[in-house]
Every structure is written in C-alpha cells, then in structure tokens.
Amino acid sequence: AQPANSTSNFSFLFVALVLFGCAYLDIRANQPSSSTPNFIIAYPEHSILLGIVNIVMAVTSFIWHASVTAKGADLDFGAMYLLLIHLLSLMMMRIIPSFCGSNR
C-alpha cells in the first residue's frame, strides 16, 4: 500500500468542489451563452462534468494506491482516460463550434 499517494488524492476532491462552486456561480449569473467569450462560463455543465470526473479520479486512484492491485490500476487508468477524453471533447467544441451546436 502507498498511504501518502492514497491521501494525496483528496486534492482531486478539492478541485471538484471548486469546479462545482464555479459552475453554481456561472448558472446563477444566468448569462446567455452568446454573451461571453469564455466557453466554460458559457456552458457551466462542462464544469460540473469535469468535477464529476475529478471525483471519479479521486476514488479510483485512492483504491489503486491503497490496494496496489491490477484491478485498482485498471480503474485508475480508466479514470485518467476519462479525464483525457473530456478535455479533448472540450477542445473539439472550442475548435469546431458546430460540434456543440453553437453558431459562434
């Protein structure tokens, strides 16, 4: 087991809470998506999804570092790939506006 690496995964939970807070403030501001040039502010659901991905990463990485098993490693790698796929999809949505149905 790797106790120091296991406990360091709480940073992912902190980042998730920050993302949820930012998404809440963006939703509360209730700005139309065309009024802001910032993609994440315009679509706060992506902050929520990224927060969920960070929670999944925290849990799966904690499991792997606490158990150091092959199944735990598979879960941890799966969560890292989930983060990568989410960030790549955000990049695609910024580069190709028609990809997300936006006319910007």
Heavy atoms only: give me the nearest [X]-[Y] pair and the separation to one decimal.
{"X": "Ile55", "Y": "Ala16", "answer": "CG1-CB, 3.7 Å"}
{"X": "Met57", "Y": "Thr60", "answer": "O-OG1, 3.4 Å"}
{"X": "Ala23", "Y": "Ser47", "answer": "CB-CB, 3.7 Å"}

Original post:
Among the clusters formed by ILVMFWY side chains lying less than 4.5 Å apart, do Leu13 and Leu49 turn up in the same one?
Top reply: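 Different clusters: Leu13 never reaches Leu49 through Ile, Leu, Val, Met, Phe, Trp or Tyr contacts under 4.5 Å.
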Original post:
For the hydrophobic clusters of this structure (ILVMFWY residues joined by side-chain heavy atoms under 4.5 Å, transitively), does one cluster hold both Trp64 and Val53?
Top reply: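 No; Val53 is not reachable from Trp64 via cluster members.
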**OP:** Any chance you could measure Ile95, atom CD1, to Met91, atom CE, to the nearest 0.5 Å?
**Re:**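 If I round to the nearest 0.5 Å, the distance is 4.5 Å.
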**OP:** Quick one: pull up CG in Asp26 and CD in Glu45 and give me the separation to the nearest 0.5 Å.
**Re:**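 Spacing of CG (Asp26) from CD (Glu45) equals 10.0 Å.
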**OP:** List in chain and number order the residues that pass ring pair (Phe, Tyr, Trp, His ring centres under 6.0 Å) with His65, two or more places apart in sequence or in another chain; answer none if no residue qualifies.
**Re:**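 Result, ring pair (Phe, Tyr, Trp, His ring centres under 6.0 Å) vs His65: none returned.
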Subject >> Partners meeting side-chain hydrogen bond (donor to acceptor under 3.5 Å, both in side chains) with Thr69 (sequence neighbours left out) >> reply: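 Listed in chain order: Ser67.
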Subject >> Trace of the side chain to side chain contact (heavy atoms under 4.5 Å, CB included) decision for Phe20 with Ile48 >> reply: CA-CA 6 Å; Phe20 289 146; Ile48 295 169; 4.1 Å; yes
Original post:
By side-chain contact (heavy atoms from CB on, under 4.5 Å), which residues pair with Phe62, not counting sequence neighbours?
Top reply: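 Only Ser6, Asn9, Ala66 meet the side-chain contact (heavy atoms from CB on, under 4.5 Å) criterion with Phe62.
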Subject >> Main-chain N/O of Ser8 paired to Ser11 side chain as donor or acceptor, under 3.5 Å >> reply: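 Side chain of Ser11 to backbone of Ser8: a pair is present.
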Mind listing the side-chain donor-acceptor pairs of residues 72-87 below 3.5 Å, one per line with the distance, residues two or more places apart or on another chain?
none

Subject >> Intermediate values then yes/no, side chain to side chain contact (heavy atoms under 4.5 Å, CB included), Leu90 and Ile40 >> reply: CA-CA 9 Å; Leu90 285 176; Ile40 300 297; 4.2 Å; yes
Subject >> Remaining members of the apolar cluster that contains Leu17, side-chain heavy atoms under 4.5 Å >> reply: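 Same cluster as Leu17: nobody, lone residue.
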Original post:
With clusters built from Ile, Leu, Val, Met, Phe, Trp and Tyr whose side-chain heavy atoms come within less than 4.5 Å, directly or transitively, what are the remaining members of the cluster of Phe14, listed by chain and number?
Top reply: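 The other cluster members (ILVMFWY side chains, heavy atoms under 4.5 Å, direct or chained) are Val18.
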